[in-house]
Amino acid sequence: MTDSSFKTVDPTELAKHFESGEAERRWDAVWQSSGLHRWDETKSRAETFVVDTPPPTVSGSLHVGHVFSYTHTDVIVRYQRMRGKNIFYPMGWDDNGLPTERRVQNYFHVRCEPTEPYVADLELLEASSAQKKERPRLVGRKNFIELCHQLTELDEQAYKNLFTRLGLSVDWRQSYETINDRCRKQAQLSFLDLHSKGHAYLSFAPTMWDVDFQTAVAQAEVQDRPKQGHFHHIEFGVEGSDDSFVIATTRPELLPACVGVTAHPSDKRYQHLFGKNAVTPLFGVPVPIFPSELADPEKGSGILMVCTFGDQTDVLWWRSQKLALRQILGKAGRLEPLTFGTEAYPSLEATAANAAYAELVGKNTEQARKAIVELLRAPNGAGKPPLVREPEPVQQAVKYFEKGDRPLEFLSTRQWFARLVDKKAELLAKGNEIHWHPEFMATRFRDWTENLGIDWCLSRQRYFGVPIPVWFALDERGETAWEQPIFPAADQLPVDPMADTPPGFAEAQRGQPGGFVGETDIFDTWFTSSLTPQIGSHWLLDESRHEKLFPADIRPQSHEIIRTWAFYTIAKAMLHENSVPWHNVVISGWILDPDRKKMSKSQGNVITPMHLFDEHGVDAVRYWAASARLGTDTAFDPQVFKIGRRLTTKLFNAAKFVLSHAGQTGDISHELDRAFVQKLRELVERTTKAHDSFQFAQALQDTESFFWTHFTDTFLELAKPRAWQSADGPSHTDAERTSAIAALRLGLSVLLRLFAPVLPYITEEIWSWTFANETGHASVHGAPWPSGAELASVPAPADADSFARAVDVFTAIN
RNA sequence: GGGCGCAUAGCUCAGUUGGUAGAGCACGGCCCUUACAAGGCUGGGGUCGGCAGUUCGAGCCUGUCUGCGCCCACCA
């Protein structure tokens, strides 16, 4: 290092304290205009670090949990940028889901109805409460999407402001909304690709159905909830004999839907019944009795009725035994009208059966259950009630749609599926190619994939979302030819089959014999979300860009959506290109409130972050977030903000001190200074290693501890007398002085850069005082990450322990 | 019913390949020492959830139990 004069800062010119709010706004503006965060599309994939940013749901406001996890990503990104990587860090807005749909409905008091024609200049304002008493206005899908854009634009701006203030080094030019034309086009292209490869198929089959939302749901959206149910012991007859037996069921209202009876093949109590027909009470319907390994002799009475459909096992039995289909529940979850004594509903006593059913028809399952229990209490022909004893309480786990309030039903409906169950081994192999952080999170993916039982149901009977791009031909009688889907050309996308005309047809042929009908269903929102890496890379739209951005380097996300978002994204990348979507998954934990409950909007315990920024400063809040290891749930603790705040203050003061002394610097020749640099080099090596494995919390802790213990509390005090050369102190040579000043500056420069990913504002502020000019790197965030090589130019100390020894002496004196 | 994770000072958490328990906050004491009182120095405080095992030696490895959290499971 050659002698040179450095610009210095006069401490009297600096503010007494670091004004974080003012500095944050100032640097935000600088960063945006400088283009520091921009992806350079001319650079190769190898030079680039690609982030598959989670697009937040746009439906109100962000909370402190977002701040937490998005900070993690930004810390990783800022480190990679300093390592010289070309960063691709986009932001998406997820405005394609149920939350947005609900919000638009309420705000404008509208409902989406795909059959409604498009109104070119529809203008709607926020609905008044008076309007809300009227029926909602029906608007077409295209209008609904426009309203969605209109409403979410405000939210998106607010989100962007918050994320900018948080210091996320996002390239805002790479923003997208999941409902925009390009994303809808890509989702539809994805479907066409899946279909052409044989992965997507149409099926008329029992599917999990939510009776309130009136849509099919996928396995991944289903959760079990404990529920207090009752075992109802009901006596069945046996056709052609006086024999009888008692089944136990929690769903007596499905008795009219009974299509069979089963017990375990080795169950001696019931073996004599196999092959005979049971006769249902009340309805007198003969149904086959068959053995099944799936029946548990220990459960209930060991023999049970099979209904279409009480649960997933019923579906299995119905398929394997080729039983009749008696689907008494309608899509709204109410018992449909039907007549006993017909081919579909045979009965030995049709009159009585119809009389009993008249008590149930039109009721929902809860109501029907009560009603049928009353019917079952009445004595039958033999003078005793079919309900042999009072219902017994039983704890059961019942399947619910995760957003639903009533149990799911299995209904046979027409749905689109993606074939996944036959690809478990390949999916597991892809999961193993990906590095999960923390590693144990891979288990979640493996368990889910291994236990996958149903293909991915892609279709939803909702109105708002990305339409499935299919039409069907109508034959001469006007019947839909389901086996003849008509697909749009790729350049026609995005299409809405309810509004757009298929190739080779005229709009006038819609619904006409010999014409066509449009698919009414839309995609599962995960169908679009599972394409975020491809949305970022413009897959199928710009192949050279795709090659530079796919697969991504990291997918940041939370653990509860491994089975959905991570799983589907892995599945899509595999089905489309036999690739992994990214090389690393980084899982942030949850923020827990002081009661250690997960902070979430639905719990109503969220804390909005903006006032935290004002109160503690953004760097302090980021410090709190970055202190948590990946995958670890973290308590919301304002105490930690204070510690972060103190760190920024200390940095400010220490820097003011180091940089405020004018003078020459020279070679770092003094033994103590060399010993300090040696310690610094070890720190750099450790923190670099930590960051390379996404252990930013460890790097931060290490740096922070070094900063307080070795830098401010000791080295700075030890170097001070030499650097200062006060009039009444001991005299030092120039070499001793310049060595001290050089070492102090080097230490500050290195520590600033080590802190920069976590504390972008204070480090940038200090960097700008002199280092920006000195180094030619205008921003600390564009400066190179400190390396061993950089510090190796300073010779090692003669005695490896001299720093520790000096510290001992220093401490003893004080 | 299965799987995963967590359990260390009053609080929030570190603890890398097994080698005499750590930090910050809080608490007590002493300092307004010329970067910093939004500081500095210093002190007290822990059978590392229980039990058993491997080992010369266990917070760390093995087994088991308890508590909490999460994920999953064919709901009769």
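Quick note on labels: first sequence line is chain A, next is B, and so on, each numbered from 1.
With B:A76, B:A14, B:C75 as the choices, the nucleotide that has an atom nearest any side-chain atom of A:D311 turns out to be B:C75. When the nucleotides B:C70, B:A76, B:A35 are ranked by their closest atom to the side chain of A:H559, B:C70 comes out on top. For A:Q639, counting side-chain heavy atoms from C-beta on, the closest listed nucleotide (B:C72, B:C25, B:A35) is B:C25. Of the candidate nucleotides B:A35, B:G5, B:C75, B:G5 has the atom nearest to the side chain of A:F440. Distance from the side chain of A:T250 is smallest for B:C75 among the nucleotides B:C72, B:C75, B:G40. Taking the side chain of A:D637 as heavy atoms from C-beta on, and the options B:C75, B:U12, B:G40, the nearest nucleotide is B:U12. When distances are taken from the side chain of A:V640 to each of B:U12, B:A14, B:G40, the shortest belongs to B:U12. Here the side chain of A:T313 is nearest to one of B:C74, B:A76, B:A38, namely B:C74. For A:A295, taking side-chain heavy atoms from C-beta onward, the closest of the listed nucleotides B:A76, B:C75, B:A14 is B:A76.
A cation-pi arrangement, defined by a distance under 6.0 Å to the six-membered ring centre and an angle within 45 degrees of its axis, is present between A:R555 and A:W565. Relative to the ring axis of A:F410, A:K399 does not place its NZ or CZ within 45° and under 6.0 Å from the centre.
The base of B:C36 sits within donor-acceptor range of the side chain of A:K650, with an N or O pair under 3.5 Å. For A:E717 against B:A35, a side-chain-to-base donor-acceptor contact under 3.5 Å is present.
A:T712 comes within contact range of at least one nucleobase, with a heavy-atom separation under 4.0 Å. Using a 4.0 Å heavy-atom distance criterion, A:D296 is classed as a base contact. Heavy atoms of A:A654 sit under 4.0 angstrom from at least one base atom. Using a 4.0 Å heavy-atom distance criterion, A:W317 is classed as making no nucleic acid contact. Heavy atoms of A:F410 sit under 4.0 angstrom from at least one base atom.
Nucleotides of RNA chain B nearest to A:Q698 and A:T443 differ in position, and the one nearer the 5' end is that of A:T443. For the pair A:V222 and A:V398, nearest-nucleotide mapping onto RNA chain B gives the more 5' position to A:V222.
An OP1 or OP2 oxygen of B:U16 is reached within less than 4.0 angstrom by no side-chain nitrogen or oxygen of A:K689. Between B:C25 and A:R646, a contact under 4.0 Å exists linking OP1 or OP2 to a side-chain N or O. Between A:R444 and the phosphate of B:C70, there is no side-chain N or O to OP1/OP2 separation shorter than 4.0 Å. In this structure, A:R629 reaches the B:A14 phosphate: one of its side-chain N or O atoms is under 4.0 Å from OP1 or OP2. Taking side-chain N and O atoms only, A:K642 has no distance below 4.0 Å to OP1 or OP2 of B:G24. For B:C36, neither phosphate oxygen OP1 nor OP2 lies less than 4.0 angstrom from any side-chain nitrogen or oxygen of A:T649.
Searching all strands for a Watson-Crick or G-U wobble partner of B:U54 with both distances below 3.5 Å returns nothing. Within the shown strands, nothing qualifies as a pairing partner of B:G46 under the Watson-Crick or G-U definition with both distances less than 3.5 Å. Nucleotide B:C41: paired with B:G29 (Watson-Crick or G-U wobble, both distances less than 3.5 Å). The pairing partner recorded for B:A7 is B:U66, the criterion being a Watson-Crick or G-U wobble arrangement whose two distances lie under 3.5 angstrom. Of all nucleotides present, none satisfies the Watson-Crick or G-U wobble test against B:U16 with each distance under 3.5 Å.
Just one residue in the list A:F755, A:F657, A:W769 forms a ring pair (Phe, Tyr, Trp, His ring centres under 6.0 Å) with A:F652, and that residue is A:W769.
Distance check on atom C1': B:C51 versus B:G45 gives 27 Å, rounded to whole Å. Comparing the P positions of B:A9 and B:G22 gives a spacing of 14 Å, expressed to the nearest Å. Nucleotides B:C6 and B:U16 are separated by 13 Å at their P atoms, to the nearest Å. Rounded to whole Å, the separation between the P atoms of B:G10 and B:G46 comes to 8 Å. Separating the P atom of B:G63 from that of B:A23 is a span of 33 Å, rounded to the nearest Å. Using atom C1' as the reference point in both B:C48 and B:A7, the two lie 10 Å apart (nearest Å). To the nearest whole angstrom, the two C1' atoms, one in B:U62 and one in B:U55, are 12 Å apart. Of the C1' atoms belonging to B:C11 and B:U20, the separation is 27 Å, rounded to the nearest Å.
Look at CD on A:E253: it is 17 Å from P on B:C75, rounded to the nearest Å. Atoms CZ (A:F657) and C1' (B:G39) sit 14 Å apart, rounded to a whole Å. If you measure from atom CD1 of A:I643 to atom P of B:C36, you get 23 Å, rounded to the nearest angstrom. Atom CG in A:D713 sits roughly 20 Å away from atom P in B:C31 (whole-Å rounding). In this entry the distance linking NE2 of A:H264 with P of B:C74 reads 18 Å, nearest Å. Taking atom CH2 of A:W436 as the reference point, atom P of B:C71 lies 16 Å away to the nearest angstrom. Taking atom CH2 of A:W209 as the reference point, atom P of B:C75 lies 24 Å away to the nearest angstrom. Between A:N653 atom CG and B:C32 atom P the separation is 20 Å, expressed in whole Å.
One finds the CG atom of A:D713 at 10.5 Å from the CG atom of A:L718 (value rounded to the nearest 0.5 Å). Put simply, OG1 on A:T443 and CZ on A:R446 are 4.5 Å apart, with the number rounded to the nearest 0.5 Å.
No donor-acceptor contact under 3.5 angstrom links the side chains of A:R251 and A:T365, judged on distance only. Side-chain N/O atoms of A:W317 and A:S292 include a donor and acceptor closer than 3.5 Å.
A donor-acceptor pair is defined here as one N or O able to donate and one able to accept, closer than 3.5 Å; no such pair exists between the side chain of A:H230 and the backbone of A:H232.
Using cut-offs of 30° and 60° for the angle between ring planes, the A:F309 and A:W318 rings count as perpendicular.
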